[in-house]
Protein chains: 2
Amino acid sequence: MKLLVVEDEPKVASFLKQGLEEQDHEITLCNDGKNAIKLAQENQYDVIILDIMIPQMDGLEVAKELRREGNKTPILMLTALGSTDEKVLGLDAGADDYLVKPFEFKELLARLRALSKRNLNNLLEQKILTLNDLELDLNLRVARRGGQTIDLTTKEFSLLEYLIRNKNRVITRTEILEKVWDSGFDSTTNVIDVYINFIRKKIDKDFPTKIIHTMVGMGYIVKSDT
Amino acid sequence: MKLLVVEDEPKVASFLKQGLEEQDHEITLCNDGKNAIKLAQENQYDVIILDIMIPQMDGLEVAKELRREGNKTPILMLTALGSTDEKVLGLDAGADDYLVKPFEFKELLARLRALSKRNLNNLLEQKILTLNDLELDLNLRVARRGGQTIDLTTKEFSLLEYLIRNKNRVITRTEILEKVWDSGFDSTTNVIDVYINFIRKKIDKDFPTKIIHTMVGMGYIVKSDT
DNA sequence: AAAAAAATTAAACTCAAATTAAATTTACTA
DNA sequence: TAGTAAATTTAATTTGAGTTTAATTTTTTT
């Protein structure tokens, strides 16, 4: 696994690095909060091991900031403070697990396994979104339907992804404008209508059952027949 | 949240039930492994709180079995055994978190929050109004009755929604005109009569018991038989 | 039985959405 | 870095589902 270890005490840091590398993990060390955020933004780690007591910005702040940005990387909080209140704060800040020093190394390994497994599942799942016979491949950035591979432009892809992720409920134009075009301002534009039309030509036109449905006066809905 | 608590010690079970219900969670209690699996298969819980020491099939087995089936519900293992080995086993069995008895209740709550947050995104809350056997799905913007899905136009939907939200009392035309058509002025129009007719055709025509009743000289009423 | 109220039907209208084309912006390539 | 292709956006036009009006029939009340 690719791990980011945020820890300022050199002894603990090198202990972790050595132990984890022995288990064939790839470790990046970092000793303050600011850098930790930077690293987490620029790299895709399997788990972030985060000490609470670090310079610049404490671990709680780091966790909060990452979650605020939408970063979903599992965070394992690590700290000497073992009081329940501390744990509560850590978990509420966005940590996924919490381990109190001193700990046994094999417990750390087990928790890492549990955390990474979780994310792995999510990642695997999220690589391909499906809606009935339509597939949206997030890796290849293409759609597939009825054995056919359908190329999509960036905007077409984002729109379709948003629709599928929000299947089974009505999506308003305003909502789409905010989430896919990130501008809730221009209410006069008809880009959405045009793009819905583009997508329909590609994924619905040649098929008897349609994926995208218009709700006049409301917006659009994409639903799976159950 | 909807929680499944798998715990055989009556004292602990009722303590958990009471404490969690005070936080407005919906609790299902279960005291053995076999039933736990059955319940987890048949219901969609936000988190499963799972004791390791339970009759029939221990918690580890339950977790493994659920994961083997592809069940992704977050599992919080709960146990008196605090040794690291136990934790490792639990986490490797597929648990997402681990809490050792005795624990402070607020830590349990924090861990539950952390666990559910992950999954919460996926579960879109079910917004459904019901009146006897009629359902009005606010997400899909459709009605359902007797297993049939009924499409409604925007106006039809708004009107039916207003009627159901104001069930068990007489609604005047003026009121409907104000609230659904937001114009109390035009008193000559008969749109409402026409739309009541539209709705009746869709939701009452094919069913012996009627939902919408006319109160001559007054308006309409929609009532639930109690 | 007459009058009033409501239900029903059909036709007219309206505006939201679909479509098309052209203008503009962005991305790529030589 | 200019030229070109692709993608995105704007704008104009067409279409049709949804809404409304209005006329007719049925039901209810007095």
Side-chain angles (χ1 to χ4, degrees), chain A residues 140-143 149-163 170-207 210-223, chain B residues 140-143 150-163 170-207 210-222:
Chain A
L140 298 171
R141 293 241 137 203
V142 296
T149 298
I150 302 161
D151 287 324
L152 297 165
T153 72
T154 314
K155 270 281 144 62
E156 288 167 355
F157 191 89
S158 314
L159 174 55
L160 186 54
E161 180 181 355
Y162 187 72
L163 291 175
V170 176
I171 317 291
T172 65
R173 276 152 225 275
T174 318
E175 209 179 325
I176 295 174
L177 211 53
E178 270 176 13
K179 297 294 168 54
V180 182
W181 270 263
D182 51 291
S183 83
F185 313 112
D186 189 356
S187 54
T188 60
T189 184
N190 72 329
V191 241
I192 294 160
D193 301 55
V194 175
Y195 265 85
I196 289 284
N197 189 232
F198 287 167
I199 294 180
R200 276 176 166 161
K201 274 188 195 152
K202 291 188 174 179
I203 65 157
D204 267 344
K205 190 159 195 174
D206 306 331
F207 300 86
K210 308 301 178 188
I211 300 271
I212 300 168
H213 307 267
T214 306
M215 305 295 282
V216 178
M218 303 286 342
Y220 298 95
I221 191 170
V222 142
K223 46 186 165 180
Chain B
L140 292 171
R141 293 239 140 204
V142 296
I150 303 162
D151 287 325
L152 297 165
T153 72
T154 312
K155 271 280 145 61
E156 288 167 355
F157 190 89
S158 314
L159 174 55
L160 186 54
E161 181 181 356
Y162 186 73
L163 292 175
V170 177
I171 318 290
T172 66
R173 277 153 226 273
T174 319
E175 205 180 328
I176 295 174
L177 210 54
E178 272 175 12
K179 298 293 170 55
V180 183
W181 269 262
D182 52 294
S183 82
F185 313 110
D186 188 358
S187 54
T188 61
T189 184
N190 71 331
V191 240
I192 294 160
D193 301 56
V194 174
Y195 266 85
I196 289 285
N197 187 233
F198 286 167
I199 294 180
R200 276 177 166 160
K201 272 189 197 154
K202 291 189 175 180
I203 65 158
D204 267 344
K205 188 159 197 175
D206 306 331
F207 300 87
K210 308 301 179 188
I211 301 269
I212 299 167
H213 306 269
T214 306
M215 304 296 282
V216 179
M218 309 256 45
Y220 298 95
I221 190 170
V222 142

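Below, chain A is the first sequence line, B the second, and so on; all start at residue 1.
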What do the steps show when you test B:Ile212 against B:Ile203 for side chain to side chain contact (heavy atoms under 4.5 Å, CB included), and what is the final call? CA-CA 9 Å; B:Ile212 299 167; B:Ile203 65 158; 4.2 Å; yes

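- At D:dT9, none of the side-chain N or O atoms of A:Thr189 fall inside 4.0 Å of OP1 or OP2 (strictly under the cut-off).
- Within residues 200-207 of chain A, no residue is approached by DNA chain D to less than 4.0 Å at the level of any non-hydrogen atom.
- Where DNA chain C meets chain A (any atom under 4.0 Å from a heavy atom), the bounding nucleotides read 5' to 3' are C:dA16 to C:dT20.
- Applying the side-chain contact (heavy atoms from CB on, under 4.5 Å) test to A:Lys179 and every residue at least two apart in sequence or in another chain returns A:Tyr162.
- With sequence neighbours left out, A:Tyr195 forms a ring pair (Phe, Tyr, Trp, His ring centres under 6.0 Å) with A:Trp181, A:Phe198.
- With sequence neighbours excluded, no residue forms a side-chain hydrogen bond (donor to acceptor under 3.5 Å, both in side chains) with B:Lys155.
- Contact annotation: B:Thr153 side-chain N/O to D:dA17 OP1/OP2 distance is not under 4.0 Å.
- The minimum heavy-atom distance between A:Ile221 and A:Met215, with the atom names listed, is CG2-SD, 3.8 Å.
- Legend: residues meeting side-chain hydrogen bond (donor to acceptor under 3.5 Å, both in side chains) with A:Arg141, ordered by chain and number and at least two apart, are absent.
- Considering only residues two or more places apart in sequence or on other chains, B:Ser158 meets the side-chain hydrogen bond (donor to acceptor under 3.5 Å, both in side chains) condition with none of them.
- Put simply, B:Trp181 has no side-chain N or O that comes within less than 4.0 Å of OP1 or OP2 on D:dT19.
- Residue A:Thr154 is in sugar-phosphate contact alone, with no base atom involved, counting any heavy-atom pair closer than 4.0 Å across all strands shown.
- In this structure, B:Glu156 and B:Ile150 have side chains that are not in contact, with every pair of non-hydrogen atoms separated by 4.5 Å or more.
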What does nucleotides 23-30 of chain D look like as a protein-contact string, B for base, S for sugar-phosphate only, - for none, at under 4.0 angstrom between heavy atoms? B----S--

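- Although no hydrogens or angles enter the test, the distance criterion places no donor-acceptor pair under 3.5 Å between the side chain of A:Asp204 and the main chain of A:Lys210.
- With sequence neighbours excluded, the residues that form a side-chain contact (heavy atoms from CB on, under 4.5 Å) with B:Asp151 are A:Lys223, B:Val142.
- In this structure, CG in A:Leu159 is found 3.5 Å from CD1 in A:Ile199, a value given to the nearest 0.5 Å.
- For B:Arg173, the side-chain hydrogen bond (donor to acceptor under 3.5 Å, both in side chains) test picks out B:Asp193, B:Tyr220, with sequence neighbours left out.
- The terminal axes of the helix from C:dA1-D:dT30 to C:dA30-D:dT1, fitted over 5 pairs per end, subtend an angle of 30° to the nearest 10°.
- Against DNA chain C, the stretch residues 191-199 of chain A makes heavy-atom approaches under 4.0 Å through A:Asp193, A:Val194, A:Asn197.
- Between A:Ile196 and A:Leu163 the shortest side-chain heavy-atom distance falls below 4.5 Å.
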